[in-house]
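Here is the structure we will look at, set down as structure tokens.
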Amino acid sequence: MKTETNKETLISPQLYVPVLFFVLLFLIPLVIKNPFYIHNMILIFFYAALSSAWNIIGGFAGQISLGHAAFFGIGAYTSAILYVDFGISPWIGMLAGGVLAMLVAAGISYPCFKLRGPFFTLSTIAFGEVVRLLVSYFRDITRGAVGLLVPFKPGIGNLMFRGKIPYYYFALILMILVVVVSKKISVSRMGFYLTSLREDEEGAQAIGINTSLYKLWAVMISAFFAGIAGVFYAQYILFIEPESVFSSAMSTQFALMSIIGGMGTVAGPVVGSFILTPLSEFLRSTLGGSFQGLHFAIYGVLLIIVVILMPQGIVVWFKDKYEALLERLPNEKRREVKS
Amino acid sequence: MKKILVYLVVFALISTFAVGCSSGGGGGAEKESKPEVVKIGVLFPFSGSMAALGEENFRGAEIARLVRNKQGGLWGKQIEFVKADAPDATAAVAEADRLINKEGMKVIIGSYSSSLSYAASEVAERNGVIYWEVGGISDPITSRGYKYLFRTVPTGSSFGIQAVKFAKAIAPDIGVKPEEMKIAIVHEDSMYGTTVGENAKAEAERQGLDLVEMVAYSAKTNDLSSVILKLKAANPDVLIATSYITDTILFWRQARELNFYVKAAIGTGAGYAMRDFAEAVGDDVNRIFNVDFPQLDTNPEFAKGIDEFKKLYEETFGEPPKSGHSLVAYAGALILWDVMEKAGSMDPEAIRKAALEVDIPDGETAVGFGCKFAGPDAENAGQNIKAYPLVAQWKNQKLVTVWPEEAAAGEIELPMKPWE
Amino acid sequence: MIEFFQVLVSGIMLGGIYSLISIGLTLIFGIMRILNFAHGEYLMIAMYLSFWLFKLLNIDPYVSIIIVVPALFLLGIISQKLVIKPIINAPPTMQIFATVGLSLVFQNLALFLWKADYRTVKTSYQTATIHLGPMLVSFPRMVAFLIAIIVSLGFFYFLKNTYTGKALRSIAQNREAAMLMGIDVSKMYMIAFALGTACVGVAGALLMPVYYVFPTVGTYFGVTAFVVVVLGGMGNMTGAFLGGLLIGVIESISGVYIDPSLKEAVYFIIFILVLLFKPSGLFGLRGAEEVGLK
Amino acid sequence: MLRIKDVNVFYGDIQALHNISMEINQGEIVALVGANAAGKTTTIQTISGINKCKSGSIEFMGERIDNKPPNKIVEMGVVQVPEGRKLFPFMTVLENLELGAYTPEARKHKKETLEMVFEMLPVLKERQKQLAGSLSGGQQQMCAIGRGLMARPKLIMFDEPSLGLAPILVQKTFEIIKKISEQGTTVLLVEQNVQHSLKMADKGYVLENGRIVLEGKGEDLLNNEYLKKAYLGI
């Protein structure tokens, strides 16, 4: 386990390749104007951000949550209710939503952390369902299953825009933010602790790691970003209902992208989203209308194949090639230090 | 093994790029490149839990398309549909986007479900594209002052209100005075059920009726015995119920099992309108009312062209229509063709103007009620203010319109028969 | 008071159905330690089978059991070979997601093949009721309840008294030791999985007269089955049976006396509390959650 | 009877056994001794088919068994009494014993074997209805041995039978093993307790870091200088 990596500077390809990649993404809207493609890109970033957020607790710490839609939904509902009922800007709502999601996550996860493996997963499913049912039940606050409509009043203060480009940048920045945080965690002491407790929790405790504390941190960070993504969703789709934002399908999706991309790696969820999001949109738009259900069936088959044949995720398959590429790129001083 | 991996990844990547190049929508029947076609987007839930009625709703529009094409189409061109599948609200937004920005649609017909309509029509409005709603009934859809949104079907609130009015009207038939009549309301708790239920409640209060119980439940449940036992304890004379198909079937089966009897049961659309309901509970369906879109057994004098529709449906799909959802979509789409013909082009502005000029009197459409859209400044901008739901009753496992009188194709039969 | 007993009886009858579905799940989980997220989908398939046998060949759902159960057993063997076997040693995460994938496939193939329509069978007895004093009990639910008892007893007997049954239990308690006894573990896994799905086959055929089938029907029952399994103590047959009844009663009582929209929330909360404070389940021995089947 | 030839075993990239060769003849007691983590359990697991060897061969009664699954190996008569007993804790003693006789051949003679086991280990007869998990350590060891005997083994392998037992029980355990051997079953005894096991063994092997460093007659080994120094602290 590497804890102390070489300090990366801008001239090392480990850093400048991803940075270039992100810069490229920033430039895309200058070339592609068609809102349909932009929309797809937005979804890709959106799911990459969510899946990366999930990955912090699910991947790094190995605590498989299938109830993450709860945090996502709490973010969406908090800001939407603040905005619709109290006229509070979604920018403030975003902070409130993220923090509330974080607190709820801390409150419900802490006791569940003593559960291991599948039992933890079951508890997250149950919590996700309880939150969904409660949100549906308290109609006076949430409008219940009717759903909550966010009136469209464009303006930066309302985080609502006529065109898609601002949403594009918001989603992109959100994704980069989560990825950077993930990266920071993965090379930090916390990342090391999380990985060790994932591999062997008793062992980690034995060497004095307060595993509950680090899991708690991880789930809070994870839920915070999930909540923020929820706020974005509410402002983008402008309509939220418990059936869609709290759905178990949503929870599964966050995890799936991460698993298929490569769980526990920084790049995995992003790769997962860049492949799966367009794939599902594509399958739906080509097969959906004429063959009900077939597109999801194909999605399922793909999932099984990946799980059986590439349990490490797709990213592992690219890893060698990517590293080989990095080796060949200009690398100035770093090389001597490394060798 | 390695090979499969390679294929898999290559496939995934190709599909990623293919999104860009795919023509999308397997849609419209004829795809040979006839140079002159009019393309119209159709957005319905073809997969997922709402698929059954989504498909039924769509079929009405499809028949309207075939009819019009036989008559020479629009401006001499054939109409073609570009299909979009929207199982949930997020997908509805994505698909509306695709239809508008990639397929270049200027007109979209949708969408059966109110939630989908909500989400998708917003995209259409932002892009200045006509959204023609022929299925979703929730009131808020037309309460947003949208300019390009038109809805040909009645609103959810009118379902609830009509149900209560009807309940009051049949009080003598079940031998109680209207002011002594005990009413219970039960509804599933999504947007649809809640809208109808809340409006029924408000109307009952306005009419001074005695509301003895109001129960909401999730349509996803797999047991309704508790709901029924609650209602049984309240012992109402009349029940007003709103539910999707699964819970409707479950409700009536369990009502029988637990011997829950009301003198009159008034359903309000969705599940109560479907043939599947009758097939599932058999003769127990008889004498249950349904406040809904005009049904297939409406008086043809009142609903002109309804028989023709039924015939076309059977010819096209090889089975009788499942519910009035296809009929309303059919009538709604026909109005759209006329509007577009009059507008003379695909320009949304022109279509919008033509739509606002529409004024069809009652009794001129296949659904009976006429059509006039509320203007953009109205509270219910884009709503067909002439649309209202009718009351039908199940007789011999068929829905027959019984109220109001001018639309009736049969007599009201009351009260319900007790369970054996 | 009569009302309360009626609620109780309705709950127990509902619970009988839950028990029946959960027994198969608990068997699979207890022995293989796999959370089978496709369990509800096997139920769906069983229901469709029963439905089509009724529709096309006019076979009564109760009679269809003799075809549905072997068919599901076979399907269990096939899915075990294709999907479960390759992941049997994988980390639990991967196992969860393989079964999630399986459920996606089943659900949507059903949607593709049979459309989203709700299908029901019409039998002469489906709404027949039995009077238990002042209480009413639905005949088909009573049948399901009784068969749940028979199936649980059958499994109980099978696991206690046959060599295969003991071998299955031994694998649950110590897989390696079981291998050292000369037990062919991978064959036993296949038997366990196939028995679990066959058990759901019984449930599917019995559900058909009271319920309806559509492609996503399994999700409604799948999650509930998990709750029952944990409540009953992982892998504990008797526990699954009693757990099912308990959930039925809880659901019924909270539906009537709290609110129908919250009845699921009530049992989910109880589920979480049990997980946290008595992870071995209400009917399990302490520490048994680590060992599984008893 | 059992011939192990040049066996190499890996855990992932780590080599656990290096060119192990051993031979066990009919009726012998063979001791395999060594320190913790020397590879003793790995050897026994490889014979049982739980671990697979990368190269080399294992023959039992002239038939290769290194490519056979564990259940087939048991059916051939090679039975292990595993380290740490590995009983089925939520099953009764009797059920544990019955599972010992799982193979078709053993099942046929279940009744008589059971009587024989009860005779040899009377404590099991007393406790037969008790859950195995509730037995004391010594009783559990007896149960594990009894379970192994139920398979009517030709070769029985004991993995650290004395581990965690009080000295008096250790003594008793070794007596039982001796008795089993006297009744005609070949025994492979894997032990950390070098002195005790070599004393009763016909032949011994000393394992260090996955390699066999010494082999020879039990008594000869006990007199070996290196062994004395390294293992007996003399």
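Hydrogens, waters and symmetry mates play no part in the numbers below; they use all other heavy atoms, side chains included. In what follows, every chain begins at residue 1, and chains take the letters A, B, ... in the order their sequences are listed.
Between B:R151 and B:D139 no salt bridge is recorded (no basic side-chain N to carboxylate O distance below 4.0 Å).
The aromatic rings of A:F254 and A:H68 sit perpendicular, their planes meeting at an angle over 60°, well past the 30° parallel limit. Between A:F239 and B:Y118, the ring planes are perpendicular. Angles over 60° get that label, and only those under 30° would be called parallel.
Residue with the most contacts toward chain A among B:A216, B:S114, B:A94, B:G193: B:A94 (heavy-atom pairs, distance under 4.5 Å). Per-residue heavy-atom pair counts under 4.5 Å with chain A were compared for B:I100, B:T194, B:T195, B:D189, and the maximum is reached by B:D189. The candidate from B:A89, B:S115, B:P140 with the greatest count of non-hydrogen atom pairs under 4.5 Å with chain A is B:S115.
Both the backbone and the side chain of B:A91 have a heavy atom closer than 4.5 Å to some heavy atom of chain A. The contact between A:R139 and chain B is made entirely by side chain atoms (from C-beta outward), counting heavy-atom distances below 4.5 Å. For A:F161, the part sitting under 4.5 Å from any heavy atom of chain B is the backbone (N, CA, C, O) and nothing else.
Neither side chain, A:T142 nor A:Y137, offers a donor N or O lying under 3.5 Å from an acceptor on the other.
Shown are A:Y233, A:Y77, A:F72, A:F127; of these, the ring-ring contact (aromatic ring centres under 6.0 Å, His included) with A:F246 is made only by A:Y77.
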